[in-house]
Amino acid sequence: PAGPPGSVIYRLPRDPAQRASMFAKVQTIVVNEGELAVVLEDGRSSGALEPGRYVFERARVVGSLDVIWMKTGQQALKWGIGNVTSSDGIQISANGTLYARVAEGVLFNAEVVQGATALAEVDLQRFLMPRIQGVLRSTLAKWPALELQTQRDSFGNAVKGSLGETFAKMGVGIADFEVIEVNFPPEFKAVIAQATMTTHAGNAALLEAHKRAQILQLDAASQAQAQLTTGLAQV
């Protein structure tokens, strides 16, 4: 089922009369690729249906029955956080994108859907954002600012690992966690820029000294060879 525009879920009509007429005889349920379906009988989960075709016979429907389809494709969730102090006392902010998907239908229904008839992507983002920001704050506080600048991929993997444990309890899997930007105070940027220029200048001086040493070595070798040649000629 397509469901409401922009909704991550779609469920059968909540009206008992409508459901009763749907299952008056035999009802075929189709779960497409990229979907899971959770069946609730009298409010209790009967498990999740993988993609396929299922037939519900009238004899099975003796009470209230709900079927909730869930999209399992990736959802791109924008995240952002500010005013976090790194382990070395630098105030930083950051933003990026988290790619999440429904991984376990029964848990997702119980922890996230919670009886909703529709769940827009923005609703899912609002629900997950406090968890994302909590993990981000605790992880950022353990990292020095300079390492956040130079080891962004390692930081992203650390956050992804911590979030994975939290999200798994809600039936949500993380496909990827992307850090787009880490912002530092202007003073810190100036210090980093100065240190970088000093490093480059030092490297340039070392290269120049090495080059001069090579030239002196070549000159000395050339002079020695000339003296040897002259001596052999005299002999």
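These values consider heavy atoms only, across backbone and side chains, with no hydrogens, waters or symmetry-generated copies.
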Task: Check: Phe155 and Leu136 side chains under 4.5 Å, non-hydrogen atoms - done: yes

TODO: With rounding to the nearest 0.5 Å, note down the distance linking CZ in Arg126 to CG in Leu119.
DONE: 11.0 Å

Open item on the list: What's the separation between atom CE in Met129 and atom CG in Leu77, rounded to the nearest 0.5 Å?
Closed with: 6.5 Å

Open item on the list: What I'd like to find out is whether the side chain of Lys78 reaches to under 4.5 Å of the side chain of Asn95, using heavy atoms alone.
Closed with: no

Task: Non-neighbouring partners of Ser86 that pass side-chain hydrogen bond (donor to acceptor under 3.5 Å, both in side chains), sequence neighbours left out - done: Asp88

TODO: Drop me the distance from Leu140's CG to Gln133's CD, to the nearest 0.5 angstrom.
DONE: 11.0 Å

Task: Single-linkage hydrophobic cluster, 4.5 Å side-chain cutoff, Val182 and Leu163 together - done: yes

Task: Phe167 vs Leu128, side-chain contact (heavy atoms from CB on, under 4.5 Å): CA-CA, chis, key distance, verdict - done: CA-CA 9 Å; Phe167 278 24; Leu128 296 177; 4.1 Å; yes

Open item on the list: If I compare all heavy atoms of Leu49 with all of Val31, which pair ends up nearest, and what's the gap?
Closed with: O-CG1, 3.9 Å

Open item on the list: For residues Val112 and Val106: do they belong to one hydrophobic cluster (side chain heavy atoms under 4.5 Å, members Ile, Leu, Val, Met, Phe, Trp, Tyr)?
Closed with: no

Open item on the list: Just verifying a value: how many Å separate Glu33 CD and Glu50 CD, rounded to the nearest 0.5 Å?
Closed with: 9.5 Å

Task: Minimum side-chain heavy-atom gap Ile68-Phe108 below 4.5 Å - done: no

- [ ] State the CD-CG distance between Gln74 and Leu98, to the nearest 0.5 angstrom.
- [x] 10.0 Å

Task: Heavy-atom closest pair, residues Ser7 and Ala118 - done: OG-CA, 3.7 Å

TODO: Write down the atom of Ile90, the atom of Pro185, and the distance for their closest heavy-atom approach.
DONE: CG2-CD, 3.6 Å

- [ ] Using the test side-chain contact (heavy atoms from CB on, under 4.5 Å), find all partners of Glu111 that sit at least two apart in sequence or belong to another chain.
- [x] Met170

TODO: Considering non-hydrogen atoms only, spot the tightest contact between Thr139 and Val135 and give its length.
DONE: OG1-O, 2.8 Å

Open item on the list: Go through it in stages, so that I can follow the logic: the residues are Leu40 and Arg11, the test is side-chain contact (heavy atoms from CB on, under 4.5 Å), and I'd like the CA-CA distance, side-chain angles, deciding distance and then a yes or no.
Closed with: CA-CA 11 Å; Leu40 304 178; Arg11 69 190 307 151; 4.2 Å; yes

TODO: Go through the structure and list residues passing ring-ring contact (aromatic ring centres under 6.0 Å, His included) with Phe177, not counting sequence neighbours.
DONE: Trp79

Open item on the list: Are Val39 and Tyr54 linked, directly or through intermediate hydrophobic residues, by side-chain heavy-atom contacts shorter than 4.5 Å (ILVMFWY only)?
Closed with: yes

TODO: Check Thr97 against Ala76 and note the closest heavy-atom contact, atom names and distance.
DONE: CG2-CB, 4.1 Å

Open item on the list: Give me the atom names and distance for the closest heavy-atom approach of Met70 to Ile9.
Closed with: CG-CG2, 4.2 Å

Task: Residues forming a side-chain hydrogen bond (donor to acceptor under 3.5 Å, both in side chains) with Glu147, sequence neighbours excluded - done: none

Open item on the list: Taking salt bridge (charged side-chain N to carboxylate O under 4.0 Å, His left out) as the cut-off, I'd like each qualifying pair that reaches into residues 152-178, sequence neighbours left out, listed once.
Closed with: none

Task: Cluster overlap Val38 with Leu107, hydrophobic side-chain contacts below 4.5 Å - done: no

Task: Under the side-chain contact (heavy atoms from CB on, under 4.5 Å) test, residues paired with Ser138 that sit two or more places apart - done: none

TODO: Look up atom CD1 in Ile29 and atom CZ in Arg53, then write down how far apart they are to the nearest 0.5 Å.
DONE: 10.5 Å

- [ ] Can you spot which of Ile81, Thr85, Ile132 makes a side-chain contact (heavy atoms from CB on, under 4.5 Å) with Arg137?
- [x] Ile81

